[in-house]
Amino acid sequence: MWFVLTVAVFYAVKWIAQKINSPVFNPLLISIIVLITVLMSFHIPFDTYYAQNSWISFLLQPAVVALAFPLYEQLPQIRANWKLIITSCLVGSSLSMITASIIAVLLHADIPLIAELLTKSITTPIAMEVASQLGGEPSIAAILVLLAGLFGAILGYPICNIIKIKHPVARGLTMGTVSHALGTSACAERDPRDAAFSSLALVLCGVITSILAPLYLAFAMWLFHLLN
């Protein structure tokens with residue numbers, strides 16, 4: 001029942017979104033709002049809902065792997081820009097983690113929450129594992145990843161248009177670095193070249209964050225104790 005409802009809501013909202021054609025009316029965001037409203041209205045426990053839709057969550061990892069196809073199509077461009085790609089992903093991941101940790105410390109967040117915030121801009125399976133290793137709560141990390149992805153998917157292209165970023169390498173790397181799989185799916189709807197570089201950034205930033213997150217957490221802990 002809940003599987004049928006989930007699929008029906010998503011495709012209905014997606015159809016409406018195509019008619020409205022507004023970045024604010026994101027199918028995933030609206031679907032989440034509708035489903036949460038239904039579950040709360042009928043007092044359905046999340047565990048019950050999740051149990052009937054667990055295989056959809058299982059397909060998340062193969063779906064990320066499927067993003068490699070547009071990547072393969074852009075191999076010549078990737079070879080020509082590999083230094084730029086690696087540098088951009090390294091700088092983007094580092095800035096994402098350091099700004100999140102500094103803001104969290106200044107707002108007196110506790111260390112587990114800071115650990116979860118460090119993983120907000122990488123894809124969900126990696127974020128949950130990294131957050132767990134750092135002492136954070138994987139489920140909260142997943143929520144933060146979802147929020148970061150939604151903001152990127154909704155606002156990414158409008159911001160790029162405002163500041164006149166049109167090159168597929170720049171747009172793709174930006175979306176993949178900041179908003180991982182959701183940003184990449186938004187790219188796939190616009191331009192397969194954007195999607196290729198976004199999926200590449202998604203993978204690279206996942207690796208970079210996995211390696212550097214413990215260092216930034218140590219910095220955040222030092223800053224936390226210094227200010228408190």
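FYI, the numbering just counts along the sequence from 1.
- For the atom pair CH2 (W222) and OG (S101), the distance works out to 11.5 Å, reported to the nearest 0.5 Å.
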Side chain to side chain contact (heavy atoms under 4.5 Å, CB included) assessment of V203 paired with S199 | CA-CA 6 Å; V203 174; S199 59; 5.9 Å; no

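- Remark: F224 CZ is packed, more than 12 non-hydrogen atoms of other residues, nucleotides or ligands lying under 6.0 Å away.
- Using a 4.5 Å cut-off on side-chain heavy atoms (C-beta onward), L106 and L227 make contact.
- We find the CD1-OG1 distance between I32 and T6 to be 11.0 Å, quoted to the nearest 0.5 Å.
- Between S198 and L173, every side-chain heavy-atom pair lies at or beyond the 4.5 Å cut-off.
- A continuous path of ILVMFWY side-chain contacts below 4.5 Å connects L215 to L90, so both sit in one hydrophobic cluster.
- For the pair M175/F197, no side-chain contact is recorded, criterion being any heavy-atom separation below 4.5 Å from C-beta on.
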Could you give me the CA-CA distance, side-chain angles and deciding distance for K120 and L147, then say whether side chain to side chain contact (heavy atoms under 4.5 Å, CB included) is met?
-> CA-CA 8 Å; K120 65 180 176 58; L147 291 174; over 6 Å; no

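- Between atom CG of residue L182 and atom OG1 of residue T123 there is a gap of 8.0 Å, rounded to the nearest 0.5 Å.
- Neither M128 nor L146 shares a network with the other; the hydrophobic side chains, linked directly or stepwise wherever heavy atoms of I, L, V, M, F, W or Y lie under 4.5 Å apart, form separate groups for each.
- Listed here is the closest heavy atom pair of A141 and A131: CB-CB, 3.6 Å.
- Minimum interatomic distance between F10 and P27 (heavy atoms only, all atoms of both residues): CE1-CB, 4.1 Å.
- Using a 4.5 Å heavy-atom cutoff, the side chains of L212 and M97 are in contact.
- Residue I122 holds its CD1 atom at 9.0 Å from OG of S96, rounded to the nearest 0.5 Å.
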Residue pair T119, L144: steps toward the side chain to side chain contact (heavy atoms under 4.5 Å, CB included) verdict | CA-CA 8 Å; T119 66; L144 294 173; over 6 Å; no

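- Counting heavy atoms from C-beta outward, S88 and T177 have side chains that stay 4.5 Å or more apart.
- Taking CG of D194 as the start and NZ of K166 as the end, the distance is 13.0 Å to the nearest 0.5 Å.
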So L226 and V105, side chain to side chain contact (heavy atoms under 4.5 Å, CB included) or not? Walk me through it.
-> CA-CA 10 Å; L226 179 67; V105 169; over 6 Å; no

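- With hydrophobic clusters built from ILVMFWY side chains whose heavy atoms lie under 4.5 angstrom apart, I143 does not share a cluster with I103.
- Between the side chain of H180 and the main chain of T124, no donor-acceptor pair closer than 3.5 Å is present.
- For the pair Y157 and R171, the minimum side-chain heavy-atom distance is below 4.5 Å.
- Two different hydrophobic clusters hold I140 and V130 under the rule that ILVMFWY side chains link at heavy-atom gaps under 4.5 Å.
- Closest non-hydrogen pair, L117 versus A104, comes out as CD1-CB, 3.6 Å.
- When every heavy atom of F219 is checked against every heavy atom of I102, the shortest pair comes out as CE2-CG1, 4.0 Å.
- Of the candidates L113, I114, L118, L113 is the only one forming a side chain to side chain contact (heavy atoms under 4.5 Å, CB included) with E116.
- A continuous path of hydrophobic side-chain contacts links V34 to L5 [ILVMFWY only; heavy atoms under 4.5 Å].
- If you take CD1 on I208 and CG on L204, they are separated by 5.5 Å, rounding to the nearest 0.5 Å.
- By the 4.5 Å heavy-atom criterion applied to side chains, Y216 and T209 are not counted as neighbours.
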